[in-house]
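Notes follow once the structure below has been shown.
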Amino acid sequence: MLATRLAHSLATVLKALAAIFCLLLLVFSYDRLHGASSSQVLSNRLQLNGNLAAADFPPELNRFWISFADSLVKARPTRFEPDNHNKQRVDFLKLSAEDRQAVKDSHSFMVKQALHQAPDLFYIRTTKGIVTTAGPRYMPILLVSLRMLRRGGSELPVEVFLGSWDEYNSTICEGIFPSLGASCRVLDGIYNKAPSIAKPERFQFKILAILFSSFEDVLFLDADAFPGNKPDDLFLTDPYSSYGLVTWPDIFGNTASPLYFQIASISEPPVSLRLSSESGQLLLSKSKHAADLLLMPYYNYYGPDYYYPLLCQGSHGAGDKETFIHAAMALDRPFWDVRERPWVLGHWKNGQFCLVAMAQHHPGDDWKIQKGLNESSDPTTARPLFVHNHFHKLDPKTIIREDGPTRDVDGNYQRMWGPKKTVLDRFGHDVEQEVWEEILASRCEAGTDTCSKSKTTIIACIRMATATRSSNYCVWMHLLPH
């Protein structure tokens, strides 16, 4: 690769250097206009919960958690073992009648506790905001997501939950995040107040962050997910205003075991009714869904040994993703599961499609289409709204590696997500170009030498993203047919 580049003519090199120089001027002009200065304006304009320090949780929430954690521990199911661990659908798990009844009794106890303690759930009324979780590894990725959120014009405050004080970084939490309208919260500050509770694991942090957040109306976003357009109006319109819980589909089928529905004492829906859930984004009203919100931690606290097998049966992405919608089903609470299937973003390499990210659609568009309420001015298909980069994380340090999604098989730069025209048509603007600009800004805002090391590569990606012609190596495709 290097020898080939050195063999290029001097004229070609000079042209390339001139193009890069122009791009440098363009990018840094953008950064000066939209980077630090816009962040500073945001810190003054956004209303954060300034009274909630990283270490402080309201006394009412502390008291509620200690009581609820006691119920959580008491509702432990009797342990059961599936017959085998193969990935199959329908009636895979087998339990003895005694085990099934024991788990059912524990579930019934927890449902009663959730209904009893729901009125005591603490949140600040009429507040709306975004909740996310991030450890040290995900901080650079979250920073890009936050910059994209603010670039899109969102004014929603953000609460970032950390697992422990070992993950707390004062430079980020007290400097960078506040400038982007975000504040850090430390789960240990409240979780450990319940002495008998077990330490949370991987998939359990998401629901705990939602539970302990101060907002009444929550938009949860994974650290590697961001809206392509302003999401603030989602709280004010249907389906959220009517249902209070909105979920999005995955690309895989629903694999909940029939045993779950027997244990929860609810009717088993047809398998074809919906796909499995994809929980990179979630809308939830604590006032409308307090009781099922308390059942969700139960499903996750006992998830690895009990409810993840019951709800996923070892399928792709087994974890918290199925616990939200099924908790609502168990308590007969309303919810809207977006029916428009996700669009996948990626490119071809060696005859194989490489998935990079996933786009989820606007629930308002989906609701109107499903209800037959579309007017002449409304889109005929749901517009993409969120981008979830769970296959290739937008870590400024790793996304530009030569074996990553920015290069084709010959090592040439390519668009990651698809032809520019397709992205423009679907989002209304080139989200990929914008994300590269924010990756560059987040990489360089600290002023370290890593900025200069990666700047040329990132600018090359911006150049490819701004190209008007479609890349021969990139496509935006729909993975599953309608």
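From a predicted model like this one, the values you see are computed outputs, not experimental measurements.
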task: May I ask you to say whether Lys368 pairs ionically with Asp366, meaning some side-chain N is under 4.0 Å from a carboxylate O?
output: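 Asp366 and Lys368: not salt-bridged.
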[X] side chain to [Y] backbone, donor-acceptor under 3.5 Å:
X      : Y      : result
Ser276 : Phe252 : yes
Gln204 : Pro297 : no
Thr132 : Leu221 : yes
Lys288 : Arg333 : no
Lys397 : Pro140 : no
Ser145 : Phe226 : no
Thr255 : Cys312 : yes
Arg150 : Gly181 : yes
His289 : Pro334 : yes

Between [X] and [Y], do the side chains contain an N or O donor and an N or O acceptor separated by less than 3.5 Å?
X      : Y      : value
Trp343 : His361 : yes
Asp320 : Tyr299 : no
Ser287 : Glu216 : yes
Trp336 : Asp238 : no

Rounded to the nearest 0.5 Å, how far does [atom2] of [Y] lie from [atom1] of [X]?
X      : Y      : atom1 : atom2 : answer
Tyr168 : Cys173 : OH    : SG    : 5.0 Å
Ile124 : Lys286 : CD1   : NZ    : 9.5 Å
Leu345 : Cys354 : CG    : SG    : 13.5 Å
Thr127 : Asp217 : OG1   : CG    : 7.0 Å
Lys74  : Arg76  : NZ    : CZ    : 15.5 Å
Leu331 : Met296 : CG    : CE    : 9.0 Å

Heavy-atom side-chain contact between [X] and [Y] under 4.5 Å:
X      : Y      : result
Gln360 : Val338 : no
Leu385 : Arg383 : no
Phe122 : Arg63  : no
Leu156 : Asp232 : yes
Tyr138 : Thr133 : no
Leu259 : Leu310 : yes
Val344 : Phe391 : no
Tyr191 : Leu211 : no

- request: Have a look at Glu159 and tell me which of Ser213, Ser214, Ser183 forms a side-chain hydrogen bond (donor to acceptor under 3.5 Å, both in side chains) with it.
  value: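 It is Ser214, the one option of Ser213, Ser214, Ser183 that forms the side-chain hydrogen bond (donor to acceptor under 3.5 Å, both in side chains) with Glu159.
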- request: Go through the steps for Ile399 and Asn389 under the test side chain to side chain contact (heavy atoms under 4.5 Å, CB included), then give the verdict.
  value: CA-CA 11 Å; Ile399 192 68; Asn389 298 276; over 6 Å; no
query: Phe57 vs Phe212 aromatic rings, parallel, tilted or perpendicular, using cut-offs 30° and 60°?
result: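 It falls in the perpendicular class, over 60°.
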Could you pull out the closest heavy-atom pair between [X] and [Y], with the gap in Å?
X      : Y      : value
Pro249 : Glu340 : CG-O, 3.4 Å
Phe203 : Tyr308 : CB-OH, 3.3 Å
Leu245 : Phe324 : CD2-O, 4.1 Å
Phe427 : Gly228 : CE2-CA, 4.1 Å
Leu93  : Pro309 : CD1-O, 3.3 Å
Pro363 : Val246 : CB-CG1, 3.9 Å

- request: Kindly write out the residues that satisfy ring-ring contact (aromatic ring centres under 6.0 Å, His included) with Tyr298, not counting sequence neighbours, or none if the list is empty.
  value: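 Scan of Tyr298 (ring-ring contact (aromatic ring centres under 6.0 Å, His included), adjacent residues dropped) gives Tyr302, Tyr307.
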Counting only heavy atoms not in [X], do more than 12 sit closer than 6.0 Å to its [atom1] atom?
X      : atom1 : answer
His116 : NE2   : no
Asp425 : CG    : yes
Lys193 : NZ    : no

- request: Would you please test His326 and Leu295 for side chain to side chain contact (heavy atoms under 4.5 Å, CB included) and show each step?
  value: CA-CA 9 Å; His326 286 91; Leu295 192 58; over 6 Å; no
query: Passes side chain to side chain contact (heavy atoms under 4.5 Å, CB included), Ile207 versus Tyr301? Steps please.
result: CA-CA 10 Å; Ile207 189 58; Tyr301 186 72; over 6 Å; no
- prompt: What do the steps show when you test Phe215 against Lys128 for side chain to side chain contact (heavy atoms under 4.5 Å, CB included), and what is the final call?
  reply: CA-CA 5 Å; Phe215 307 124; Lys128 300 172 176 61; 6.0 Å; no
